[in-house]
Structure formats: structure tokens, C-alpha cells
There are 2 protein chains.
Amino acid sequence: MARERKFSDEDLFLATKELLLDHGYEGFTFGLLAERLEVSRSALYKYFGNKEELIMEFMMYEMDQFMDKLGKIKEYDRFEDQFDYLLELMMSHPNIHQLIEIGRHVPVNNQKLEEKNEKLDGLHLNMYQSLIGFVRLGKEEGKLKAHIPDTLIVGYILQSFLVPNFAQIPHSEWVQSIKEIIREGMFINNS
Amino acid sequence: MARERKFSDEDLFLATKELLLDHGYEGFTFGLLAERLEVSRSALYKYFGNKEELIMEFMMYEMDQFMDKLGKIKEYDRFEDQFDYLLELMMSHPNIHQLIEIGRHVPVNNQKLEEKNEKLDGLHLNMYQSLIGFVRLGKEEGKLKAHIPDTLIVGYILQSFLVPNFAQIPHSEWVQSIKEIIREGMFINNS
DNA sequence: ATTGAAAGTGACACTTTTGTCACTTTAGGC
DNA sequence: GCCTAAAGTGACAAAAGTGTCACTTTCAAT
């Protein structure tokens, strides 16, 4: 009934993600995105009224995907298994933390955006609670140090995957080392 | 002989730093900076031909300051003392890593910028070598785990100070915990 | 084959940022 | 007191980004 689209939602959101990570919120433009998708700029306005709306839609898409997977952490009972699962997850979404930060820069001007923003805040809260739950379990099981603040443990795990691998250390070795530092630190233990 | 300036270099570079961290490279404008300094936009063009030049100058200023202090790490012989010194230093320059990343986004158009860019690359190399030297010493003294890549150790320490302290944990507790995670990780050691 | 709904486009007016320039202001040396 | 060099300004034109609109293209159901 209608003409075939030149790009899928996945294409669009992928391009959006790359451009946001490259240029940041203020450097992201409809022109850049249109160029990347090889369509005219005005075509994009058929789907999104403006940059703010587009980025909010993107954030919801990204967070939904991430939360789908993060929610599954509850399927593991033991903390150690949750830990392994979480680290795997973070490897496949290394910059979720960065994206959320970029999302916070979006100015909320009108009613429509206000609603989306509240939904997004809800997703962030879910994410935060999931992760805090994970930390609490770790402390209850006597695996995580009780005196380190929950928020630092969460922030630290999210942040760990942003260390740039300039020297091109092979992926598996890199992940293994990150995991070890998180667990036991980088110092040799003389106890 | 000349009129008094309305802002010092320090004022200017401090405002530049804050705006860059807030808005990123592409969101930084002469208009914003002029507003912050309460001068006209055109006044700024008396000192810097354009945004690229200004940011390059800022990066050199920032890196010079940081390297002055980082260079002093050699005054400590023992690795443990160097480690303490480095962490103190990073606390007072928590976003040096971020700023360097922003600096990399500056497009190098002309000869003049090319020169500054090379100088800046030199400073980055110095910084990198200093930090790698620190890690090597740690490994030689048997303090740091030998099998973890040098670049990961360096990146990890730099990254640690970017974990956002949303929950407003008191500064000293926060720092203490970061230090502990870096050294011995967040897991309880059952050995 | 016709047609209408969705996809896509180029052109336009508007806003923001950029860089320049002729001009004014100010303070210290004479 | 006057001169002048540096500091600062407002106005301008050019460039880049935004949002809209009338228009064309395409596909499939009839």
C-alpha cells in the first residue's frame, strides 16, 4: 500500500547511537544522520518532529533493549552467576552509561517530551534498582565488601567497560583482566 | 600603557574547561564563553582566531599544569609512595582523561593548528610514558600483578575518578573506597 | 489501469554561530 | 594634558542548522 522505506528503525537507531557517541548531544544534527542513512534531511521529519524527540525515542529503544536483558539477571539465584551474567551484558553494551548521560542533556521543552522523559526516568530507576539489588545480594552472600557504598560498586562496574583499549589487547584477555581487577584489584595480595 | 583586561587567562581557561565538560566540543561556542566571562564575543577574537585555536591553547595549558605535577612522581622512589601521590593527583584533576578525549575531536585544518597538535601529542606521549613507568616499577617491585596489561592498569586508574558520586557519599569515604577497589577489588578475599 | 496512502524530496524562511572590521574606551608613558 | 597601544564593542555578512511545505515517487489493493 505504501512505498518501501529506505532505512529500518534499526538502521536509524544504530546510526543515531554512533553519531551521538562520536559527536555528543549538541554535535548531533539531522543533517549528519540523513547523510549517514542516505536520505534527505526532510524525510526524517516524517518520523520525528525534532532532534529532542528523536533522541528520546532512541533512548527508550536502547533502554528497553538493555532492560530486557538486565531483567534476566533475576533468573540466576547465586550472586556469582549474576556477576558473570552482568559482565557479559556490559561487554555487549559498553557505553550504556555514556548514552544515559547524553540523554540527560536533552532539554525538555513541551508536554510530549515531558511524558517521554518521565518514562525514561522510570527505566533508569528500574535499572538502578536492579543493579542495587544485585549488589545487595552480593553483600548478603558475603561476596562483596560491605563497607563499600552500593552506588560506587554499581558505578564502578558500569565505568569499567569504558577504559579504551588503545593497545589492541585481544578481547578475551582484556575482559579477563577487567574482571580480575573488579574482583581482586590490581595489587598482589600479601596476606 | 594599555587598558585593563576584564578577565585573566585563568578565568578564561577555567570557564573553557567547565563549558567543554558541560557541552562537549561541538556544544562549546564563543557566545557561551563570552557570556560566562561577561565580555563581548568579538573581544575573544583578539586572543584566539577561532574555536579550534582556543581549545588547543586550553589543552596545552591544562596538560602543562598536569604534567608539571605528574613529573614530580619521579621524586618518590618506592612504588607505594608513587601510587599515593598519583591518586592524590588524580583527585585534583579527575577529568583530565575526558578533556584529552574532547581534545582529540578538534579538527586540525591548518599549519598553525598542526604544530600545536604535534606539541600536544608530545605531551600525551610524555604522560603515557610517565604512567607506564609507574606501572613497570610496580611490577618490578612485585606490587602490581604482572599479567595485567600496562595499558589497562593505566586506563583503569584514570577512569576510576570519573565514577559519578550521585549519592553524595562524603569525599574522604569515596576516595578511600576507590583506592581500595583499585588495590584489592570489591570482592571479599577467601584465601 | 487507477488511486490513495505512505515515503521521499528540494526549496524556503528562520535561527544560531562564525569571523571580521571600523569604531570607541582606557590607562600609563611622555 | 596628550598620545598611543592594547582592550573592548556593535554591526555586518557568511555559514550551518532547523522546521515546514508543496510537490513527486512508489507500491499494492481494488
Side-chain angles (χ1 to χ4, degrees), chain A residues 1-16 18-58 102-103 105-114 116, chain B residues 1-16 18-58 61 102 105-114 116:
Chain A
M1 201 175 187
R3 184 172 170 178
E4 196 184 5
R5 281 182 61 172
K6 292 178 76 177
F7 58 90
S8 66
D9 284 4
E10 291 75 45
D11 291 342
L12 184 138
F13 286 137
L14 178 61
T16 299
E18 292 173 356
L19 290 174
L20 277 177
L21 289 172
D22 262 22
H23 301 273
Y25 169 68
E26 324 221 22
F28 177 94
T29 68
F30 268 43
L32 274 172
L33 180 59
E35 190 182 21
R36 179 74 67 104
L37 293 172
E38 293 177 298
V39 288
S40 68
R41 197 171 51 85
S42 47
L44 298 176
Y45 283 93
K46 284 276 148 69
Y47 305 97
F48 308 95
N50 52 49
K51 179 165 141 175
E52 286 74 39
E53 242 177 77
L54 185 154
I55 293 183
M56 280 301 196
E57 292 285 348
F58 162 73
I102 293 173
H105 271 69
V106 179
V108 176
N109 301 314
N110 57 57
Q111 187 55 35
K112 202 170 166 188
L113 276 178
E114 186 55 58
K116 292 189 181 176
Chain B
M1 203 176 186
R3 185 174 169 176
E4 197 183 3
R5 281 184 61 173
K6 292 178 76 178
F7 57 92
S8 66
D9 284 5
E10 290 77 43
D11 293 339
L12 184 139
F13 285 137
L14 177 61
T16 299
E18 291 173 356
L19 290 174
L20 277 177
L21 290 172
D22 264 21
H23 302 273
Y25 169 68
E26 323 220 23
F28 177 94
T29 68
F30 268 44
L32 275 174
L33 182 57
E35 190 181 20
R36 179 74 67 103
L37 293 173
E38 294 177 294
V39 287
S40 69
R41 197 172 50 85
S42 46
L44 298 175
Y45 284 94
K46 285 276 148 67
Y47 304 97
F48 308 96
N50 54 46
K51 180 165 141 175
E52 287 73 40
E53 242 178 77
L54 184 154
I55 294 183
M56 281 302 197
E57 292 284 350
F58 162 73
Y61 171 84
I102 292 173
H105 271 70
V106 179
V108 177
N109 301 315
N110 58 58
Q111 186 56 35
K112 201 171 166 189
L113 276 178
E114 186 55 58
K116 292 189 181 174

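Below, chain A is the first sequence line, B the second, and so on; all start at residue 1.
- Remark: C1' of D:dA7 and CG of B:Leu37 are 14 Å apart, rounded to the nearest angstrom.
- Taking 4.0 angstrom as the limit, A:Tyr47 places none of its side-chain polar atoms (N or O) nearer than this to OP1 or OP2 of C:dA6.
- Here the P atom of nucleotide D:dT18 and the CZ atom of A:Phe28 are 9 Å apart, to the nearest Å.
- Between A:His105 and B:His23, the ring planes lie perpendicular to each other; the angle is over 60°, past the 30° to 60° tilted range.
- Of all heavy-atom pairs between B:Glu26 and B:Lys51, the closest is O-NZ, 3.6 Å.
- Between A:Glu4 and B:Phe7, the residue anchored nearer the 5' end of DNA chain D, judged by the nucleotide with its closest heavy atom, is B:Phe7.
- The side chain of B:Lys46 approaches D:dG8 more closely than any other nucleotide in the set C:dG8, D:dG8, D:dG17.
- When each of B:Ala2 and B:Leu44 is assigned the nucleotide of DNA chain D with its nearest heavy atom, B:Ala2 is the one assigned upstream, toward the 5' end.
- Cation-pi geometry between B:Arg5 and B:Tyr47 is met: under 6.0 angstrom from the ring centre, within 45 degrees of the axis.
- In terms of polar N and O atoms assigned as donor or acceptor, the side chain of A:Arg41 comes within less than 3.5 Å of the base of D:dG19 in a complementary pairing.
- With rounding to whole Å, A:Phe48 atom CZ is found 12 Å from C:dA7 atom P.
- Between the CG atom of A:Asn109 and the C1' atom of D:dT18 there is a distance of 13 Å, rounded to whole Å.
- A salt bridge links B:Lys112 with B:Glu53: at least one charged nitrogen is closer than 4.0 Å to a carboxylate oxygen.
- The listed nucleotides are D:dT18, C:dA7, D:dG8; the one nearest the side chain of A:Lys51 is D:dT18.
- One donor-acceptor pair, N or O on each side, does fall under 3.5 Å between the base of D:dG10 and the side chain of B:Ser42.
- Remark: A:Tyr45 is not in phosphate contact with C:dT9, judged by side-chain N or O atoms under 4.0 Å from OP1 or OP2.
- Atom-to-atom, CZ of B:Arg5 to P of C:dT25 comes out at 21 Å; the value is rounded to the nearest Å.
- The distance between atom NE2 of B:His23 and atom C1' of C:dT17, rounded to the nearest whole Å, is 15 Å.
- Among the heavy atoms of the strands lying under 4.0 Å from A:Ser40 is at least one base atom, whether or not backbone atoms are also near.
- Residue B:Glu53 contributes atom CD, which lies 10 Å from atom P of C:dT20 at whole-angstrom precision.
- Closest-nucleotide positions on DNA chain C for A:Arg3 and B:Gly49 were compared, and the one nearer the 5' end corresponds to A:Arg3.
- You won't find any donor-acceptor pair under 3.5 Å spanning the side chain of B:Lys6 and the base of D:dG8, going by distance alone.
- Atom CD of A:Glu35 is separated from atom P of D:dT18 by 13 Å (rounded to the nearest Å).
- The local environment of CD in A:Glu35 is sparse, with at most 12 non-hydrogen atoms from other residues, nucleotides or ligands closer than 6.0 Å.
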